[in-house]
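As structure tokens, the structure follows; a few thoughts come after it.
Lettering of chains follows the sequences in order, A, B, ..., and the numbering in each one begins at 1. None of these values were measured; they are calculated from a predicted model.
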Protein chains: 2
Amino acid sequence: MPRVGVIGGGQLARMMVPEALELGIDLHVLAESDDSPASISATAVGDYRDEAMVLAFARTVDVVTFDHEHVPQGVLRALEAEGIAVRPGPDALLYAQDKILMRRRLQELGLPVPDWATVANADELAAFLADHGGVGVVKTSRGGYDGKGVRVVRSAGEVDDWFAAAADGDGPELLVEELVNFRRELAQLVARRPSGDIAAWPVVETVQKDGVCAEVIAPARGASGRIAEVAERIAVAVAEGLGVTGVLAVELFETDDDRILINELAMRPHNSGHWTQNGSVTSQFEQHVRAVLDLPLGATAPVAEWSVMVNVLGGPTDGSALVDHYPAMLAQHPAAKMHAYGKTPRPGRKLGHVNVVGDDLDEVVYAARAAAAFFTTL
Amino acid sequence: MPRVGVIGGGQLARMMVPEALELGIDLHVLAESDDSPASISATAVGDYRDEAMVLAFARTVDVVTFDHEHVPQGVLRALEAEGIAVRPGPDALLYAQDKILMRRRLQELGLPVPDWATVANADELAAFLADHGGVGVVKTSRGGYDGKGVRVVRSAGEVDDWFAAAADGDGPELLVEELVNFRRELAQLVARRPSGDIAAWPVVETVQKDGVCAEVIAPARGASGRIAEVAERIAVAVAEGLGVTGVLAVELFETDDDRILINELAMRPHNSGHWTQNGSVTSQFEQHVRAVLDLPLGATAPVAEWSVMVNVLGGPTDGSALVDHYPAMLAQHPAAKMHAYGKTPRPGRKLGHVNVVGDDLDEVVYAARAAAAFFTTL
């Protein structure tokens, strides 16, 4: 039986467990702690930056994949040097780890990105702002996540702390991007096998709150024609151009002036694809397992007209657990599908999500939001 | 977090694991062996007939349920005596364990069963055969499973071995049933909470080969009207009349003369409900976990017009594993959903099943059969 090793024991690894189990494929997880979301499949607990630890884990599996993109290049290269299959590989992950390298590569590939520049000091930033209406989005090249490492600035002095850290070698390099005037945000999910086949799900609409994904509507409203085609073409070009294997999520802006621009990439199952667990013939987690094993990819058709995913963020603040709210929530929303990550509530933390699938968008949106709202005590 | 304990580590326990994990509910399994299908969640390994072993396991969970109906009444009563929630309870399971008690109770409830009688010797059997066209189906009251403990007889001497064993106290009592001339076999699945709510899936059509379920078509063809209503009414009456909690499967005959008769019962998730994993808003495994925890039941609507399940029986005889056939199968059937039980191939053994869901029955049946056929080397 082929054995897949996942580095990182977060909710993405957790949600691969059911899919691997149903396929009869062994999944082993290198988790950060004993009580990680994926602990049911954790065969090792340790630091993903520890080369010896990761190597020892990787030698017990047939292919290594990831819950996150943070494994250092040195560790990834050491795995490859031992002949271990790493999917996605270090050459691809480099672009997910460094936003400057990523934007350079996307431009080389002729793919649409917002205007951007690297900036090393306030003068360079001031020049960029002057050219872009006095506003820009400064991002750290590395370490950004769920809105962290991102600041919208209207004056060049607002990121002096980051410039100082970068100059001292204590912080990552910085880039600045134009503040895109967008109508909405989209995400295009695809999966690619090492042998080259690609499967795409329908493009979806994502709603962010405070830099964190709050809600996904699949497919994106009114996106059956040109937008869907363009989004898919972009994601396929990214997957092929960057040599991604497994699931790739491409976050996109649909601009006020009708352009589709690439915002960010994720080379793993992604929050924008959680709807596929109940809304698609093949979920992103099953597809990721199949892709990294170089098995044929599954059908990506939706099972209904609409799927809506709403995140459960933060959770109850009264000390109750998610499950304490199940009797009320499940009674009112019998078609809502709960996905809990086994985490303790904490402000802003992703604790789970609710999927609802159906043919009437208004009803589906209402049920998903109302069901998720049971888990937030205001 | 509530904790569900499952006695028995077979494929039914295995398929509860993903559903409990997504709901964020702890599932513990008392398995028969270290390599049981549900080993990922096994917290104890031992004999389900060993009262001390089962009690020790049950004390670690909030509610006990089952992968099979074989736990002895003495053990079940000992759990209840300790105040442990047992679902379904011993009073209900008694009827699943003893076909004579079950038929008596169903008749008391006024529910339709084939003509039957207990028989203690060849003379009694001969009398029954003479009244029923010279043919009958003899069944052992206990221990029957997947066609075992069942013989179609045309002469009273054909079960002398069973009569001798019963007379010596070495074998179970016997009953004989009329051989029902049926058009087809149906199965009606429902789930019932301790607090009384019941949810029913659409009635399905089952195809048996050599006494073992081979294929399920959901819903049963042409069963939108009277047949569906009658089947549901019967299963609800059985669930309430026998006090079943959790999932109940009622196997039915649709006779040549347009009657619906009860064939057998199962008080647990059942092969006839595996289609719900991909074909229903709520799978039988999720519903069982919800029901035994007395949580509100989920919607049972189909997600498409048709779902077909085909069992993978026996498996390859050339020493290959199921997974060796995935590249060919998955490439040809991208919409087929594989469910493997983690068992070694052996003639007649249930190793897994394939579900296919869609709106064109001919296509769905073809794909499910063709996909499952990849795993049988003739």
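Residue contact with chain A, scored on non-hydrogen atoms closer than 4.5 Å, involves the backbone and the side chain of B:Arg14 alike. Residue B:Met329 does not touch chain A at all, counting heavy-atom pairs closer than 4.5 Å. For B:Thr300, no part lies near chain A; criterion is any non-hydrogen pair under 4.5 Å. When heavy atoms are compared at a cutoff of 4.5 Å, B:Leu21 approaches chain A by way of both its backbone and its side chain. For chain A, the nearby parts of B:Ala335 are the backbone and the side chain; heavy atoms of each come within less than 4.5 Å. Residue contact with chain A, scored on non-hydrogen atoms closer than 4.5 Å, involves the backbone and the side chain of B:Ala331 alike.
Among B:Leu293, B:Asp324, B:Thr282, the residue with the largest count of heavy-atom pairs under 4.5 Å with chain A is B:Thr282. If you tally non-hydrogen atom pairs under 4.5 Å between each of B:Gln332, B:Glu19, B:Lys343, B:Glu286 and chain A, the highest count goes to B:Glu286. Interface remark: of the candidates B:Ala199, B:Gly298, B:Ala336, B:Gly298 forms the most heavy-atom pairs closer than 4.5 Å to chain A. Put simply, of A:Ala328, A:Pro327, A:Gly358, the one with the most heavy-atom pairs under 4.5 Å next to chain B is A:Pro327.
To the nearest 0.5 Å, the span separating CG on A:Asn278 from CD on B:Glu22 amounts to 8.0 Å.
Here the closest non-hydrogen pair linking A:Lys337 and B:Val281 is NZ-O, 2.9 Å. A:Leu297 and B:Pro334 get closest at one heavy-atom pair: O-CB, 4.0 Å. Smallest separation of non-hydrogen atoms from B:Tyr326 and A:Gly24: OH-N, 4.5 Å.
Counted within 6.0 Å of CZ on B:Arg346, heavy atoms from surrounding residues, nucleotides or ligands total 12 or fewer; the atom is thus considered open.
Contact check for B:Val17 versus A:Ile40: side-chain heavy atoms found under the 4.5 Å cut-off.
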